[in-house]
Q: 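Quick one: structure below, then a few questions.
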Amino acid sequence: MTSRVSLASKLYKFTLPNILETQGKHLPESYKKFYKEWKFTQPQPVHYIPHQAKWYRNPNTGEVKPLQNTPIPVYFPPESNKGIWGGEAVIKGFQKRQRLKQRVPHFWVPHLIQSVVYSEILDKRMSVTVTQRTLDLIIKNYGFDHYVLKTKACDLQSTLALKLKKKMLLSLLKMDLYPEDPIKRDEIYNKYKHYLEEYTEEDIEWYGLTFSEALIKYEKQMDMKPIVPLKIKLRKEYLAHLEEEKNNPAQELLLDKKEGSWITKLNPFSKN
């Protein structure tokens, strides 16, 4: 009976389709690497404190129970992509406001602050919507550039932060920062160049793109490289081979007139 129940329960465990294996199977590995880091990697806990131990003993009853680190489900609204929230998001739940009444739906929204951040690599000051946790992480990492470059895509979340990270990496790769001050350029480059070790040039090119942007970029690249039919390719190779045999006098001496060439051997209407 237990085996039937276990087999029946598997029918209801539908796994979510992997978009990289269906719609994005033709995308380059560089983008798949970024997308897995962005969507499939477990972010750092923000709204809950994970348990360090695996078991818990009740001091009153002595009962031992396993502890599980279950992340709180969060929701990232479209407005979060226009700011840098430091991993915080909207939490949807229920709240019991009065003891004798039913609980009601409630949304916990992070406290947003309009602040100015400075990027040494881009040499720009930007007005961005952030949270207090974002400011704390910037201070903890000794600057906005260190925070963005050091943090994974799953923890940055917002497309604005990912676009800024890509722009910083491209600027370091091309060394086009501070064009009018070469001394300052070398100083900033030597300060942040170790972040380039984790990426190749192709990785940076595909970094920070949404899935729709990656598909559009791939289609444009395919349009620039038209697909040549196989029959045209084989015809060109065959004509090149005939031209090579025609212009090679040594090849003609090696051929026997009685046996003929390899083309006459394959001809079913030949006398041989």
Q: Which atom names give the shortest non-hydrogen contact between S119 and F144, and what distance separates them?
A: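 Shortest heavy-atom separation between S119 and F144 comes out as CB-CD2, 4.3 Å.
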Q: Short question: side chain of T41, backbone of K36 - any donor-acceptor pair under 3.5 Å?
A: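 Here the side-chain-to-backbone pair exists.
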Q: Nearest 0.5 Å please: distance from the CD atom of Q132 over to the CD atom of E88.
A: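 CD of E88 is found 9.0 Å from CD of Q132.
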Q: Can you see whether D176 engages S171 through a side-chain donor-acceptor pair at a distance of less than 3.5 angstrom?
A: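 Yes, S171 and D176 have a side-chain donor paired with an acceptor closer than 3.5 Å.
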Q: Looking only at non-hydrogen atoms, find the nearest pair between G62 and R57 and report the distance.
A: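 Closest pair (atom of G62, atom of R57, distance): O-NH1, 3.4 Å.
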Q: Taking the side chain as every heavy atom from C-beta outward, state whether K193 and L172 have any atom pair closer than 4.5 Å.
A: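 When only atoms from C-beta onward are counted, L172 and K193 do not touch, as no gap falls below 4.5 Å.
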Q: What is the distance from atom CD of E37 to atom CG of L156, rounded to the nearest 0.5 Å?
A: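 One finds 8.5 Å between CD of E37 and CG of L156.
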Q: Please say yes or no: joined through hydrophobic side-chain contacts below 4.5 Å, possibly via intermediate residues, are F40 and W206 part of one cluster?
A: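 F40 and W206: one cluster.
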Q: I'd like to check I91 versus F107 (side-chain heavy atoms, cut-off strictly below 4.5 Å). Are they in contact?
A: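 No; the side chains remain at least 4.5 Å from each other.
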Q: Determine whether more than 12 heavy atoms belonging to other residues, nucleotides or ligands lie under 6.0 Å from atom CD of E201.
A: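 Counting other residues, nucleotides and ligands, CD of E201 stays at 12 neighbours or fewer.
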Q: Looking at residues at least two apart in the chain, or sitting in another chain, which of them share a side-chain contact (heavy atoms from CB on, under 4.5 Å) with K82?
A: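 K82 satisfies side-chain contact (heavy atoms from CB on, under 4.5 Å) with no residue once adjacent residues are dropped.
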Q: For residues L169 and L196, report the shortest heavy-atom separation together with the two atoms involved.
A: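 Closest approach of L169 to L196: O-CD2, 3.8 Å.
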Q: Would you say the side chain of L209 lies within less than 4.5 Å of the side chain of K166, judging by non-hydrogen atoms?
A: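 K166 reaches L209 side chain to side chain.
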Q: Using distance only, find each side-chain donor-acceptor pair of residues 64-76 under 3.5 Å and give its atom names and separation, not counting sequence neighbours.
A:
from	atom 1	to	atom 2	distance (Å)
N69	OD1	H51	N	2.6
N69	ND2	H51	O	3.3

Q: Excluding sequence neighbours, so at least two apart, what forms ring-ring contact (aromatic ring centres under 6.0 Å, His included) with Y199?
A: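 Y199 satisfies ring-ring contact (aromatic ring centres under 6.0 Å, His included) with Y207 only.
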Q: Verify, without hydrogens or angle tests, whether R133 (side chain) and G86 (backbone) share a donor-acceptor contact under 3.5 angstrom.
A: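 Side chain of R133 to backbone of G86: a pair is present.
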Q: Test your reading of the model: is there a side-chain donor-acceptor pair from D155 to the backbone of P43, 3.5 Å cut-off?
A: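 Absent.
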Q: Is E237 atom CD crowded by more than 12 heavy atoms from other residues, nucleotides or ligands, each under 6.0 Å away?
A: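 Atom CD in E237 is crowded, with more than 12 foreign heavy atoms closer than 6.0 Å.
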Q: As an exercise, state the distance from CD of Q221 to OH of Y218, rounded to the nearest 0.5 Å.
A: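 Rounded to the nearest 0.5 Å, the CD-OH separation comes to 8.5 Å.
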Q: Test of understanding: clusters of I, L, V, M, F, W, Y form through side-chain heavy atoms closer than 4.5 Å, transitively. Do L137 and M126 belong to the same one?
A: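 In one cluster with L137: M126, yes.
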Q: Is there a donor-acceptor pair under 3.5 Å between the side chain of N141 and the backbone N or O of G143?
A: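 Checking the backbone N and O of G143 against the side chain of N141, no donor-acceptor pair under 3.5 Å is found.
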Q: Return yes when atom CD1 of I49 has more than 12 non-hydrogen atoms of other residues, nucleotides or ligands closer than 6.0 Å, and no otherwise.
A: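 Not buried by this count: 12 neighbours or fewer within 6.0 Å.
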Q: Please determine whether a side-chain nitrogen of the Lys or Arg among K163 and E213 lies less than 4.0 Å from a carboxylate oxygen of the Asp or Glu.
A: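 Salt bridge between K163 and E213, a charged N being under 4.0 Å from a carboxylate O: yes.
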Q: Hydrophobic cluster membership, with links at side-chain heavy-atom distances under 4.5 Å among I/L/V/M/F/W/Y: are L135 and V46 in one?
A: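 L135 and V46: separate clusters.
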Q: Kindly indicate whether a cation-pi arrangement holds for R185 with Y178, taking the cut-offs as under 6.0 Å to the six-membered ring centre and within 45° of the axis.
A: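 Geometry flag: not set, cation outside 6.0 Å or 45°.
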Q: Are the side chains of K236 and K231 in contact, using a 4.5 Å heavy-atom criterion?
A: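 Result no, sub-4.5 Å side-chain heavy-atom pair not found.
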Q: Using side-chain heavy atoms (C-beta onward) and a distance below 4.5 Å, is Q102 in contact with K96?
A: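 With C-beta onward as the side chain, the pair stays apart.
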Q: Quick one: do Y195 and L122 end up in the same hydrophobic cluster if we chain Ile, Leu, Val, Met, Phe, Trp and Tyr together by side-chain heavy atoms under 4.5 Å apart?
A: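 Result: yes, single cluster for both.
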Q: For Q23 and L215, work out which heavy atoms get closest and say how close.
A: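 Taking every non-hydrogen atom into account, O-CD2, 4.0 Å.
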Q: Return the minimal non-hydrogen interatomic distance between D203 and S30, and the atom names on each side.
A: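 Looking at all heavy atoms of both residues, the closest pair is OD1-OG, 2.7 Å.
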Q: Backbone N or O of T151 within a donor-acceptor pair of the K165 side chain at under 3.5 Å?
A: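 Yes, because the side chain of K165 sits within donor-acceptor range (under 3.5 Å) of the backbone of T151.
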Q: Does the side chain of Y118 come under 3.5 Å of the side chain of D123 through a donor N or O and an acceptor N or O?
A: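 The answer is yes; a qualifying pair exists.
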Q: Quick one: does Y31's side chain have a donor or acceptor within less than 3.5 Å of a partner on T210's backbone?
A: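 It does hold such a pair.
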Q: In the single-linkage hydrophobic clustering (I, L, V, M, F, W, Y; side-chain heavy atoms under 4.5 Å), do Y147 and L164 co-cluster?
A: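 Yes, one cluster joins them.
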Q: Restricting to ring-ring contact (aromatic ring centres under 6.0 Å, His included), what partner residues turn up for F211, sequence neighbours left out?
A: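 By the ring-ring contact (aromatic ring centres under 6.0 Å, His included) rule, F211 matches Y35.
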Q: Could you state the interatomic distance from CD (Q157) to CD1 (I84), rounded to the nearest 0.5 Å?
A: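 It is 12.5 Å, given to the nearest 0.5 Å.
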Q: Might you point out which heavy atoms bring L177 and I121 nearest each other, and give the distance in Å?
A: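 Closest heavy-atom pair between L177 and I121: CB-O, 3.6 Å.
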Q: Does atom CD1 (I183) have a neighbourhood of more than 12 heavy atoms from anything else shown, all under 6.0 Å?
A: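 Not more than 12 within 6.0 Å, no.
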Q: Does K217 pair with E205 as a salt bridge, N-O distance under 4.0 Å?
A: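 Yes, charged N to carboxylate O under 4.0 Å.
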Q: Counting distance only, does the side-chain N/O of S80 pair as donor-acceptor with the main-chain N or O of P77 below 3.5 Å?
A: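 Flag set: sc S80 to bb P77 pair under 3.5 Å.
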Q: Would you say CD of Q95 has more than 12 non-hydrogen atoms from neighbouring residues, nucleotides or ligands within 6.0 angstrom?
A: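 It does: Q95 CD has more than 12 such atoms within range.
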Q: Is atom OH of Y142 surrounded by more than 12 heavy atoms (other residues, nucleotides or ligands) closer than 6.0 Å?
A: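 No, because the 6.0 Å sphere around OH of Y142 holds 12 heavy atoms or fewer from other groups.
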Q: Can you list everything that forms a ring-ring contact (aromatic ring centres under 6.0 Å, His included) with Y192? Sequence neighbours excluded, please.
A: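 Expected list: H146.
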Q: Under 3.5 Å, side-chain donor or acceptor atoms of residues 109-116 against the rest of the protein: list the pairs with distances, not counting sequence neighbours.
A:
from	atom 1	to	atom 2	distance (Å)
Q114	OE1	T129	OG1	2.8
Q114	NE2	S127	OG	2.9

Q: Does any N or O in the side chain of E219 come within less than 3.5 Å of the main-chain N or O of I216, such that one atom is a donor and the other an acceptor?
A: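 Checked: no pair found.
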Q: Return the CZ to CZ distance between R103 and R97, rounded to the nearest 0.5 Å.
A: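 Between R103 CZ and R97 CZ, I get 13.0 Å after rounding to 0.5 Å.
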Q: So, do F94 and P105 sit near enough that their side-chain heavy atoms are less than 4.5 Å apart?
A: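 Side-chain contact under 4.5 Å: yes.
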Q: Kindly indicate whether the side chain of I204, heavy atoms from C-beta on, has any atom under 4.5 Å from the side chain of T200.
A: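 Side-chain contact under 4.5 Å: no.
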